[in-house]
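Order of listing sets the numbers, starting from 1, for every ligand and every atom in it.
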Amino acid sequence: MRNETTALLLMRLTFAIAVPLALIFASALFWRTPDVYLPWIDGVAYTGVILLGALTVVPRALLGGPLGTGWALLATGMILYASGEVWWALVGRTRSEAEAVGLPLEDVLWLAFYPVQVLALWRLMGKVPRRDRNLLDALVVSGGLLVVLAVLIQDWLPGANASGGEDSLIVEGLYVTGDLVLVVLAILLVYVQRFDVAPGWWLIAAGFLAFALADILYWILSSYDAYVEGTWLDLGWLVSALCLAGAAILGLETMHAPQVQSLRGIVPASLAVMVSGLALGWGPEGPFGDFARYAALATLVLSLLRLNVAIRDAAEAQEQRRRAFTDDLTGLPNRHALHALPELSGKSLASPTGWSLIVLGLDRFGDVNASLSHERGDRLLTMTAERLGGCLLPGDVLARLEGDEFAVLMRLSDPSQGFAGAERLQAALEKPFEIDGVPVPLTACMGLSATLDPVPAIGPLLKEANLAMHYAKREGPGLIRAYSGQEAPSSVQRLRMRASLRSDLKAGGAAFELHYQPIVRIDNGALLAMEALVRWRQDGALVPPGQFLGEIEHAGLMVPLTQLVLNRAVAAIHRLGQGHAVTVNVSPDLVTPWLLDQVRDTLDRSGAPPHSLIVEVTEDALIRKPDTANEVLRALRVLGVRVLLDDFGAGWCGLSAVRDLAVDGLKIDRAFVARIHRDRPTRAITASIVDLGRSLGLTVIGEGVEDAGEREELEALGVEWVQGYAYNKPIPEADLAAYLSQHPPT
Ligand code: C2E
Ligand code: MG
Ligand code: MG
């Protein structure tokens, strides 16, 4: 049957006939005389309810689906039972003692009901894993219950103590066993789901329980010869049939098995084990005594199995806890572990002189990762972890927070020690790493926080150190900053800042100023170009780009800002210079066809020639969208606008990649220049950048040259162009004309 609506209709219809029949039977109980057989009531109504109950289940079985077989078995069991009733009504009840040979057919049909129902339930329970903890608990509890019931029956039921011969004893035993199994099944059903049971399942459990209780009561009464037909007891079987039919109408959701880990869950199972132990020790007599002993044995075996599962669970929980506290890649404690440290270490963590926490973030690791492959990036992180670990003092704790962020918790004896610790970490990273024979220099920014508390509160310390680290990152690579309480603009401040930036830009950009820093020839000071560097005037102070560009980006204002800088810088150089050039920084996200249009527009508007403009882009632009970026840069160069690769070396574009890039020159990142005379590998890398640049005919510029030492090193390597405080700090626009007039263009 494919159509659920038709099936439901049929089920409801059959059920609707069964219910009034049951009511008729029930109402008859008020007026009838017990023990007098009423064919219409005990024959038609009673058997009718049982038969219709069974028939209600049939459409559900015909609907198929994953539980189809289960329903079919349930219907079969009920039909077998109903057939037993029909046979009893028609033949059995009028049969004389002499005619009864062997096991009567109605008994065969009734007894067949039990195994078929057990099978039905097995199928209906479907996906509950056979070693499910709830299932095992339920089996142990049911086992204990079976033991108790069997012992009680053995002692209280005269029939069980053999009153009517060997054969009848076996038959009675089978019935009672079947009933006990039904009780167990009912308990199992709700126990497996920890009593959080959908209505359909409640009805099945209720159906089995009603049947078993009616049956057991029947056997107890008959063993005292006290059972008479036509009493309230008979209703038990009818209720059972209606419950099972009702379950078929409601349908069953797949069983869910919530795991209960609390101790309360163990109590019933422990009781069951105790009862079983007692039953085995005491060894009850008689056939049901034997049954009780077997049930006790089975219960104990099951409880051992359950114990085994519990032990495995405990081990797994411990392993999970270990994993939750460990960083997979480096094997270091992770952020959770760091947070939990005071709790986990207890008293051993106390330091009378306080603590310092350093958060360390590798500079531009994202780019390194993108250019090296993730596998190599991972190796680099592991190597970093090893190096950092190598410079810890006893009692320091190194953790990996996430990605390229590490944290070190250090015992302090005086506040300056924190800084010394950070410098030690920095020194550990100084030597470039070697990945597949290629040296990879890494720098890191660090943020420090400290506390005098003997036991550190990790949360606040981490937050402060993290803020300080981000503050350091904004200022430049390789910096260490201590938390001072000033660094974090609150989110309200940030929103205010964005609003001011937006309104200042809208108002024409008068609040933005450009300063210009020359790029000069190392040997004779001839001028290549002036780099336009933007500043924001706010409340009389000049805010450097590092402090507001992030907000510009977040507020989506990079386009109007770049427009402003381009227009103003090109106009200024055209107005004030005599064939001079200006370089303008363009953020990676803007290296798109928009830039091309904007540059054309700027040049048209100012009337400046294309060679007066140089665009500076960073490697990020080329890593993120290499094809688009390259195309745009190529088109710019076709226009006659030059392109410089800014901060080269820091972004890990890879040396060989430069070959395919549409650029006119490279600006070697300040991180290299700053270490050139301290560090041999850095010098070697810089040398190869210069060689490559020169062999490709590129203009190679050293940026951020602060002193004569750096200048000399660069010169020795063959660098022809430089920029930096050693020559000029960025100069305000007001001084531009004077500067340009003294420095003719090359
Ligand atoms: P950049 O393009 O690499 O600019 C060089 C930065 O290094 C400038 O910082 C400059 O003042 C600084 N600098 C120059 N010589 C030295 C030196 O000898 N030692 C040290 N320590 N620093 C030196 P500034 O002006 O704070 O700009 C920072 C960054 O902000 C720039 O780095 C650039 O990426 C960005 N930026 C500046 N103006 C603009 C702009 O108009 N648009 C965009 N998108 N970015 C801009
Ligand atoms: Mg620049
Ligand atoms: Mg730069």
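Using a 3.5 Å distance cut-off with no hydrogens or angles, the side chains of Thr443 and Asp363 do pair a donor with an acceptor.
Ranking protein heavy atoms by distance to atom 36 (N) of ligand 1, first place goes to Leu549 CD1, 3.7 Å. Among all protein heavy atoms, the one lying closest to atom 43 (C) of ligand 1 is Asn585 O, 3.5 Å. Protein heavy atom closest to atom 19 (N) of ligand 1, with residue, atom name and distance, is Glu706 OE2, 2.7 Å. Among protein heavy atoms, atom 8 (C) of ligand 1 sits closest to Leu533 CD1, 3.8 Å. Scanning all protein heavy atoms for the shortest distance to atom 7 (O) of ligand 1 gives Gln517 OE1, 4.9 Å. Protein heavy atom closest to atom 12 (C) of ligand 1, with residue, atom name and distance, is Tyr725 OH, 4.0 Å. Nearest protein heavy-atom contact of atom 40 (C) of ligand 1 is Val534 CG1, 3.8 Å.
Compare Asp589, Val565, Val617, Asp647 by their heavy atoms: the one nearest to atom 3 (O) of ligand 1 is in Asp647. Remark: among candidates Gly724, Pro730, Pro544, Ala674, the nearest residue to atom 11 (O) of ligand 1 is Pro730, based on non-hydrogen atoms. When the heavy-atom distances from atom 28 (C) of ligand 1 to Gly702, Pro545, Pro588 are ranked, the shortest goes to Pro545.
Residue contacts with ligand 1 for Arg535 involve side-chain atoms from C-beta outward but no N, CA, C or O (heavy atoms, distance under 4.0 Å). With a 4.0 Å cut-off on non-hydrogen atoms, Glu703 touches ligand 1 through its side chain and not its backbone. At a heavy-atom distance under 4.0 Å, no atom of His515 approaches ligand 1. Residue contacts with ligand 1, taken as heavy atom pairs separated by less than 4.0 Å, involve Asp646 solely via side-chain atoms from C-beta onward. Only the backbone of Val705 comes within contact range of ligand 1, with a heavy atom under 4.0 Å; no side-chain atom does.
Inter-residue side-chain proximity for Arg670 and Glu710 is flagged as met; some heavy-atom pair is nearer than 4.5 Å. Counting heavy atoms from C-beta outward, Tyr727 and Arg711 have side chains that approach closer than 4.5 Å. Using a 4.5 Å cut-off on side-chain heavy atoms (C-beta onward), Leu409 and Ile458 make contact. The shortest side-chain heavy-atom distance between Trp721 and Thr746 falls under the 4.5 Å cut-off. Inter-residue side-chain proximity for Leu717 and Arg683 is flagged as met; some heavy-atom pair is nearer than 4.5 Å. Considering only heavy atoms from C-beta on, Val591 stays 4.5 Å or farther from Thr628 through its side chain.
The presence of a protein heavy atom under 4.0 Å from atom 45 (N) of ligand 1 is confirmed. By the definition of a contact as any protein heavy atom under 4.0 Å away, atom 32 (O) of ligand 1 is not in contact.
Not counting sequence neighbours, Asp627 has no partner by the salt bridge (Lys or Arg N to Asp or Glu O under 4.0 Å) test.
Ion pairing of Asp504 with Arg537 is absent here, as no side-chain N (NZ or NE/NH1/NH2) approaches a carboxylate O to less than 4.0 Å. With respect to Arg498 and Glu551, a salt bridge is recorded, a charged nitrogen being found less than 4.0 Å from a carboxylate O.
Using a 4.0 angstrom heavy-atom cutoff, Gln723 does not count as in contact with ligand 1.
Around the Mg ion (ligand 2), the protein N, O or S atoms found under 2.8 Å comprise Glu531 OE2, Asn585 OD1, Glu616 OE1, Asp646 OD2.
Of all the heavy atoms in Leu666 and Leu644, the pair that sits closest is N-CD2, 4.4 Å.
At most 12 non-hydrogen atoms from other residues, nucleotides or ligands lie less than 6.0 angstrom from CD of Glu631.
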- Message: Assess the residue pair Thr602 and Asn567 against the criterion (side chain to side chain donor-acceptor pair (under 3.5 Å)); give the C-alpha distance rounded to whole Å, side-chain angles, the decisive distance to 0.1 Å, and a yes or no.
- Response: CA-CA 6 Å; Thr602 302; Asn567 286 333; 3.0 Å; yes
